[in-house]
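To start, the structure under review is shown below, and the notes come after it.
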Amino acid sequence: MEYNHLSIEQKWQKFWADHQTFKTETASDKPKYYVLDMFPYPSGAGLHVGHPLGYIASDIFSRYKRLKGFNVLHPMGYDSFGLPAEQYAIQTGQHPAITTEANINRYREQMDNIGFSYDWSREIRTSEPEYYHWTQWIFMKLFDAWYNKTSDKAETIQALIQHFESQGSAGIQAEADDDIREFTAAEWKDFSEKEQQEELLKYRLAYLRESTVNWCAALGTVLANDEVINGVSERGGFPVEQKKMMQWSMRITAYADRLLRGLETIDWPEPLVEMQRNWIGKSVGASVKFPVPQLNSEIEVFTTRLDTIFGVSFVVLAPEHELVDALTTADQKAQVEAYIDKTSKKSELDRMADTKTVSGAFTGSYAKHPITGEDVQIWIADYVLASYGTGAVMAVPSGDQRDYVFAKHFGLPIIAISDTQDISEAADPNKDGKYINSDFINGMTYQEAVPALVERLESLKLGKAKVNFRMRDAIFGRQRYWGEPVPVYFKEGLPYLIKEEELPLLLPEVDKYLPTESGEPPLGRAEDWKYQDEYEYELSTMPGWAGSSWYWFRYMDPKNKTQFASSEAVDYWKAVDLYIGGSEHATGHLLYSRFWNKFLKDIGYHNEEEPFKKLINQGMIQGRSNFVYRILDAEGRGTNKFVSLGLKNEYPTIPLHVDVNIVHNDVLDLEKFKSFRPDFANAEFILENGKYICGTEVEKMSKSKFNVVNPDDIISQYGADTLRLYEMFLGPLEQAKPWNTNGIEGVYKFLRKVWRLFHDAEGNFLVSDDEPSKAEYKALHKIIKKVEEDIERFSFNTSVSAFMICANELTDLKCNKRKILQDLIICLEPYAPHITEELWSLLGNEPGTISYAPYPVFNPEYLVESEFAYPVSINGKMRMNLPLALDLDQKAVEAILMENQDVQKYLDGKPVKKIIFVKGKIINIVI
RNA sequence: GCCUAGGUGGUGGAACUGGUAGACACGCAGGACUUAAAAUCCUGUUCCUGUUAAAGGAGUGCGGGUUCGAUUCCCGCCCUAGGUACCA
């Protein structure tokens, strides 16, 4: 029988499903291992060959770990709330749940074709009420929590209230809004219900606050910072503007330092760690207040270079700064207003693009230098950002290039503050010298000056050491339909949680998926949708990242009706051991997930500080487009003649995308091309060597470029095992690479070769029980070792090569020994599960058990080299084969060298200076 | 600009802690089997010199360095990809 991938793969996929071969139990004597894929958003386009790359890698790893005796949790589900389904619903009126369901079914079918070992009984969908019940529940816990800086963790609001009742606000160190009040216990008790709730809202981790948000009018919703790329929306590329709105936010900034510290404890790719670090953006410095006596106020600035404070020659405010109005003098009013007007018209994009032009305006007012008390001019300029720090900076032209350029442009003083500074051409930020022109720190070094300054400012109550973060709190509401409803209703304008037993708060039906006429979100259309028929529910829904910020817990216990997951399940599975997914989630999903994980730990639901111990970013698989070259006539119009790539420079041509599925090894199938488009039916070709060669280019995979390759097509032609092996063979997992079907034949040939090892020339199954030869054992043990090493370091491509070598060796040896072949297919099972299952049962084993067979034990004895001759270099250059035994000491070797005629020829009569041994072998002789 | 990763034949890539660079595969060329095709198998394939061969030389982006020996380590530069940006 020939290798028939279609029947084999269908047979075993059905077997695994029928017998629940990969169902995972939570209790087990085996050690646990949790392998997770980033679950997909089920889009309408289905999967292309790029999508399963990471899934195949994680499946190989899971299967390998099972062979190694681990109880493996390897689940899959769908992140099924999201914008595209809703956009589609707006266009067609079809309920997003229906399109989502259809897309999921298609995804499932495509995934099933690849033969993954997922435990599908644990499937989850974030848009199902049984799931979002617990997303809402976590929201309630966040609403009911505040961050205690003293204990450095989140605690319940109830504990905070108790503190307020007994001691007032005294002794509370919290990560909270800036405008929290100070009060005694008695005052707290005198507060009205409304006042108390308003005050508590300033502490909650999920809170409602008027804040500047990214508003995307085209999508009709606000977006989080990570959903805005270069001033346009990540989804759809629509313009985004800044707008003040009442919005739900998550106090992720409370966790900034722990999120940063945690990065050092996890095994993640360096670029990704770096991205999170930059996103959090910790800067250590000081906050300094510049008094403004005329307003009885002060300007607070943040600086990382407190030591340069005597170089301050002016202060700059962002144009949006709240004190600008009050500071502007009558003389300067026209100028300042004109400047504000000009900058407010600039879009975010313009402002980013234009970093060269120096612009600003003098307010006419002066602040006092906190230490010298001298007058310092106050300017406004748009190089100072309202959203970072305090929206104001102390300008030190001698130390900061932007300040330097600004001072030069407006003729402001530039004061050198260090004896090593060269400020003739540009600012010089070095901190190597001793200070000059710097009052009481003159002559000090940087290390001496900073503490002295902090102490002085603290005594003046005009400054203190401070750590600043770039990260902002995350906006948590979306004015959209297809998301989790927020389990909150409003009473007297203040938010209250519904009761836990009223969860889940179901997404109501609406007639249209558009905002209401009065501009409320789509949920405003829901009829009779009121809490206790009286109170208005929150009309925003949760953002896309809500459901994905805790989903790995739900897989541990997906059917639980009373908890998000039982404590037994959480205690057993703990955290994800291996997480595979794309790097595009670096500052979104992966940060929010770490945040929610830490929060759930703080309030006592588990003990793991980090959710994903090891993370691998699979590289994106890009498309590889093929082109034909259409010849142009004299007027530059396209003719129906096409010229092959090698001859295209002899004609005026225009390249046209051609469907990659009618091109094989860059050779165009002329007949298929003629039926590709009706107007090509009579196409003529100029060939080279009788072939039409297509041009190529690497682009994103998309329908319009005709470069989408569907895994189903590959599978029907070559099989799922070939697809799996080939995706790995394509190159290192983490590297981005274009999909190219050209090399797939080689992998397919390999599988047929494996099949033939078990069959005789007539195709009958024939395996011998004879004792294998040394050479056969050697071939086997090489692969046992190699696969183990490769999988442990995620180098899947190199083991595919090793398998090919092994199959070639065994073919050459005409090996059909059971002892060899049985172990070989166990090693191969993670990569090619279908063919190995088939051969496993042909060998007489119980079907379905290969996945849990013990991985063969490597025996190094089979790999011991027996040859006496091996290559040696002289002075690292010339090579010869030395007839030497191993385990000789230097003297013995030298004696042999001197006596051996062949060797002397190489040595050219010169004495041996040194012999270099590596692992008991001579590698090099120095003469 | 800054941060991170990378640069190896016609192509994808291998070489794990410095030790025979180009494994393995594709492609290409030639051959065997076959009436033929498919399938399978064999041989060659970094470049240059050399009629073949023997043999020699060069060679891992470029220029230096360390070393008996460098794709690997160090310094400087060029290029590509990803991220990020008036972050005070």
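This structure is a prediction, so every number in the text was calculated from the model and none was measured. Numbered from 1 within each chain, the chains take letters A, B, ... in sequence-line order.
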Without decimals, in angstroms, what is the distance between [X] [atom1] and [N] [atom2]?
X        : N     : atom1 : atom2 : result
A:Phe750 : B:C26 : CZ    : P     : 13 Å
A:Asn797 : B:G12 : CG    : P     : 14 Å
A:Glu809 : B:C24 : CD    : C1'   : 12 Å
A:Glu789 : B:A15 : CD    : P     : 11 Å
A:Lys289 : B:A88 : NZ    : P     : 21 Å
A:Leu725 : B:C24 : CG    : P     : 17 Å
A:Ile693 : B:G27 : CD1   : C1'   : 11 Å
A:His759 : B:U40 : NE2   : C1'   : 16 Å

Measuring only the [atom1] atom in each nucleotide, how far is [N] from [M]? A whole number of Å is fine.
N     : M     : atom1 : value
B:G50 : B:G57 : C1'   : 11 Å
B:C3  : B:A14 : P     : 27 Å
B:C26 : B:G64 : C1'   : 38 Å
B:U49 : B:A54 : C1'   : 13 Å
B:U46 : B:G10 : C1'   : 10 Å
B:G12 : B:G61 : P     : 14 Å
B:C33 : B:U8  : P     : 42 Å
B:A53 : B:C42 : P     : 22 Å

I want to know whether [X] and [Y] have ring centres closer than 6.0 Å.
X        : Y        : result
A:Phe314 : A:Phe406 : yes
A:Phe61  : A:Phe794 : yes
A:His759 : A:Tyr3   : no
A:Phe750 : A:Trp755 : no

Closest to the [X] side chain, choosing from [options]:
X        : options             : answer
A:Arg793 : B:C16, B:G13, B:C24 : B:C16
A:Leu385 : B:C41, B:C16, B:A88 : B:A88
A:Arg752 : B:U40, B:C24, B:A88 : B:U40
A:Met804 : B:A25, B:A23, B:C42 : B:A25
A:Lys737 : B:A88, B:G13, B:C16 : B:G13
A:Asp812 : B:A14, B:C42, B:A88 : B:C42

Using a cut-off of strictly less than 4.0 Å, decide whether [X] has a side-chain nitrogen or oxygen near OP1 or OP2 of [N].
X        : N     : result
A:Arg470 : B:A85 : yes
A:Lys749 : B:C26 : yes
A:Tyr383 : B:A88 : no
A:Ser283 : B:A88 : yes
A:Arg756 : B:C41 : yes
A:Lys786 : B:C16 : no
A:Gln735 : B:G82 : no

* 5'-to-3' dot-bracket of RNA chain B (Watson-Crick, G-U; under 3.5 angstrom; crossing pairs as [ ]; | other strand) -> (((((((..(((......[....)))((((((.......))))))((((.....))))..(((((..]....))))))))))))....

* To do: Enumerate the residues from residues 395-405 of chain A whose closest heavy atom to RNA chain B is under 4.0 Å, giving them by residue number; use none for an empty result.
  =>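 Result for residues 395-405 of chain A: A:Arg402, sorted by number.
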
Hydrogens and angles aside, do [X] and [Y] bring a side-chain donor and acceptor to less than 3.5 Å of each other?
X        : Y        : answer
A:Thr798 : A:Asp790 : yes
A:Asp473 : A:Thr253 : yes
A:Ser799 : A:Tyr831 : yes

* Apply side-chain contact (heavy atoms from CB on, under 4.5 Å) to the pair A:Val288 and A:Leu462, showing each step before the final yes or no. => CA-CA 6 Å; A:Val288 182; A:Leu462 286 174; 5.7 Å; no

* Is A:Pro732 touching bases, backbone alone, or none of the nucleic acid, heavy atoms closer than 4.0 Å? ->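 The residue A:Pro732 makes sugar-phosphate contact but no base contact.
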
* A:Phe803 near the nucleic acid: base, sugar-phosphate alone, or nothing, with a heavy-atom cut-off under 4.0 Å? ->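 A:Phe803: no heavy atom of the nucleic acid under 4.0 Å.
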
* **5′-ward residue of the pair A:Asn468/A:Met275 relative to RNA chain B** =>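 Looking at RNA chain B, the more 5' nearest nucleotide goes with A:Met275.
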
* To do: Examine A:Arg594 relative to A:Tyr592 and say whether NZ or CZ is less than 6.0 Å from the centre of the six-membered ring and inside a 45° cone about the ring axis.
  =>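 No, a cation-pi geometry is absent between A:Arg594 and A:Tyr592.
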
* Taking every non-hydrogen atom, the tightest pair across A:Phe729 and A:Ser801 ->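 Here A:Phe729 and A:Ser801 meet closest at CE1-OG, 3.7 Å.
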
Between [X] and [Y], does at least one N-O distance fall below 4.0 Å, as a salt bridge requires?
X        : Y        : answer
A:Lys785 : A:Glu789 : yes
A:Glu809 : A:Lys778 : no
A:Asp257 : A:Lys282 : yes

So which protein N/O to nucleotides 3-5 of chain B N/O distances come out below 3.5 Å?
unit_1: B:C3; atom_1: O2'; unit_2: A:Glu274; atom_2: OE2; d: 3.4

* **Whether A:Ser313 side chain and A:Pro413 backbone form a donor-acceptor pair below 3.5 Å** =>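 Checked: pair present.
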
* Checking A:Glu2 side chain against A:Gly763 main chain: does a donor-acceptor pair fall under 3.5 Å? ->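 Pair absent, no side-chain N/O of A:Glu2 close to backbone of A:Gly763.
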
* To do: Using a 90° cut-off around 0 for syn, call B:G9 syn or anti.
  =>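 Base orientation: syn.
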
